[in-house]
Amino acid sequence: MSLQLYKPNPKNTGCAMSFQISQRPDQEPQFFANCILQHSWNNQNKTGSFSESRNDPSKTVALKFNEFELGEILNTFETKTAYSTFHTNDSTKTQIRLTPYEKTRGSGDFAVKVTAFGFTIIRNGSDTFKIPVDPGEAIRLSFFIKHYFSTLDSYRAEKAADNQKKYQSNKQKFTPKKTEPKKQEVAVEEDDF
């Protein structure tokens, strides 16, 4: 299951970002995000192309978010408070920021200020990916994240129920050995009379 945001522009500085919920058999579901930089702009059609960037490692980035980072993203959308985190592995250091900003839609009497959000991802201090998230997109991404939480919780509840069944099954198979209580010998002292 996935959700995509495409943000090409005439300056050829756009970015596309896709979010996926992935699950392998007998493993917890995981939440991934992938970004790809815009490769070109067709001025005649007013469309951007991304596919040519797919094979250039400097123009793509893949991220795995844990449940608490996703909670922080939801918090940013709901409270309009910036969030920043850092991912690192053997060869890659990636900074991730999600920040709210004010944006004007329309013009004249129809101008409306709204809060949008910007994802900024910087890998190894040089590869930069930026994508704006409009309010409607933030709501849709929020529901996608909540769907992931529901999927994760269902998986965990099912695993816990399976473990409980196994425990109960093993408990019923175990019957402790019955032992006769030991007879206690009482020492009798003879009194001298």
Side-chain angles (χ1 to χ4, degrees), residues 1-8 13-38 50 53-54 56-103 113-167:
M1 180 172 215
S2 65
L3 176 69
Q4 288 89 24
L5 300 176
Y6 291 98
K7 299 295 178 102
T13 58
C15 187
M17 193 168 188
S18 66
F19 304 90
Q20 293 93 29
I21 298 171
S22 176
Q23 187 171 6
R24 292 183 178 157
D26 226 24
Q27 289 186 5
E28 285 193 349
Q30 297 178 329
F31 193 98
F32 293 96
N34 296 293
C35 293
I36 186 168
L37 293 176
Q38 183 178 343
F50 294 88
S53 295
R54 186 175 297 140
D56 185 344
S58 69
K59 295 189 177 184
T60 60
V61 66
L63 305 165
K64 183 171 97 172
F65 288 104
N66 68 41
E67 62 191 294
F68 304 109
E69 291 171 320
L70 294 171
E72 292 288 350
I73 290 170
L74 288 178
N75 183 62
T76 294
F77 291 153
E78 292 171 10
T79 65
K80 299 172 180 61
T81 307
Y83 170 63
S84 178
T85 190
F86 193 80
H87 287 189
T88 185
N89 63 29
D90 296 335
S91 61
T92 307
K93 293 178 180 164
T94 307
Q95 294 173 291
I96 303 159
R97 263 192 339 255
L98 180 61
T99 53
Y101 66 93
E102 293 300 314
K103 174 179 179 175
K113 284 195 177 200
V114 297
T115 302
F117 303 87
F119 259 113
T120 303
I121 299 158
I122 302 171
R123 181 180 51 210
N124 293 331
S126 59
D127 300 332
T128 302
F129 304 80
K130 290 184 177 187
I131 189 162
V133 180
D134 288 330
E137 294 167 333
I139 289 172
R140 184 65 187 98
L141 180 53
S142 293
F143 277 93
F144 192 70
I145 291 170
K146 289 174 184 177
H147 175 72
Y148 167 73
F149 287 159
S150 177
T151 304
L152 179 63
D153 290 344
S154 293
Y155 175 84
R156 288 178 177 169
E158 187 178 308
K159 277 294 184 193
D162 287 349
N163 288 340
Q164 184 64 27
K165 284 179 190 173
K166 286 178 188 172
Y167 171 76

Test of ring centre spacing under 6.0 Å for F77 and F117
yes

Is it true that a side-chain atom of Y148 and a backbone atom of S22 form a donor plus acceptor pair closer than 3.5 Å?
no

Spatial distance of atom CD (Q95) from atom OG1 (T88) [nearest 0.5 Å]:
11.0 Å

Counting N and O atoms only, with roles assigned by atom type, does the side chain of S142 sit under 3.5 Å from a partner on the main chain of L74, one being a donor and the other an acceptor?
no

By side chain to side chain donor-acceptor pair (under 3.5 Å), which residues pair with E28, not counting sequence neighbours?
R156

Can you confirm whether L152 sits close enough to E67 that some side-chain heavy atom of one is under 4.5 Å from a side-chain heavy atom of the other?
yes

For the residue pair F65 and F119, does the interplanar ring angle fall in the parallel (under 30°), tilted (30 to 60°) or perpendicular (over 60°) class?
tilted

Mind listing the closest non-hydrogen atom pair of V133 and A138 along with its distance?
CG1-N, 3.6 Å

Heavy-atom check, side chain of I96 versus side chain of F86, under 4.5 Å
no

Any ion pair linking D153 and K146 (charged N to carboxylate O, less than 4.0 Å)?
no

About how many Å separate CZ of F129 and OG1 of T94, when rounded to the nearest 0.5 Å?
9.0 Å

Tell me every residue that passes side chain to side chain contact (heavy atoms under 4.5 Å, CB included) with S126, counting only those two or more places apart in sequence or in another chain.
none

Value for CZ (F31) from CG (L70), rounded to nearest 0.5 Å, stands at 5.0 Å

Between T128 and I121, is a side chain to side chain contact (heavy atoms under 4.5 Å, CB included) present by the stated rule, with each step listed?
CA-CA 6 Å; T128 302; I121 299 158; over 6 Å; no

State, to 0.1 Å, how close Y101 and P132 come at their nearest heavy-atom pair, and which atoms those are.
OH-CB, 3.4 Å

Would you please name every residue forming a side chain to side chain donor-acceptor pair (under 3.5 Å) with N34, sequence neighbours left out?
Q20

Residues at least two apart in sequence or cross-chain that pass side chain to side chain donor-acceptor pair (under 3.5 Å) with S2, listed by chain then number, are Q4

Residues in side chain to side chain contact (heavy atoms under 4.5 Å, CB included) contact with S84, at least two apart in sequence or another chain:
R97

Could you go through I36 and C15, starting from their C-alpha distance and side-chain angles, then the distance that decides it, and tell me whether this counts as side chain to side chain contact (heavy atoms under 4.5 Å, CB included)?
CA-CA 6 Å; I36 186 168; C15 187; over 6 Å; no

Taking the side chain as every heavy atom from C-beta outward, state whether K103 and D134 have any pair of such atoms under 4.5 Å apart.
yes

M17 and C35: which non-hydrogen atoms are nearest, and at how many Å?
CG-SG, 3.6 Å

D26/K159 salt bridge by N-O under 4.0 Å criterion:
yes

Identify the heavy atoms of Y155 and Q23 that sit nearest to each other, and give their distance.
CD1-NE2, 3.2 Å

N-O pairing of D127 and K59 below 4.0 Å:
no

Say you draw a straight line from CD of E72 to CD1 of I145; how long is it, rounded to the nearest 0.5 Å?
11.5 Å

If you round to the nearest 0.5 Å, how far is CZ of R123 from CG of L63?
9.0 Å

Could you tell me whether E102 and K80 make a salt bridge, using a distance below 4.0 angstrom between a side-chain N and a carboxylate O?
no

Pairwise side-chain contact, E69 with H87, heavy-atom cut-off 4.5 Å (strictly under)
yes

Applying side chain to side chain donor-acceptor pair (under 3.5 Å), can you list everything that pairs with S58, at least two apart in sequence or on another chain?
D56

Please work out which of the three classes, parallel, tilted or perpendicular, describes the rings of F50 and Y6, given edges at 30° and 60°.
tilted

Mind checking whether T120 and T99 have side chains closer than 4.5 Å, heavy atoms only?
no

Pairwise distance CG(L98) to CD1(I131) - rounded to 0.5 angstrom:
11.5 Å

Closest approach of S53 and T60, non-hydrogen atoms and distance?
O-CG2, 3.7 Å

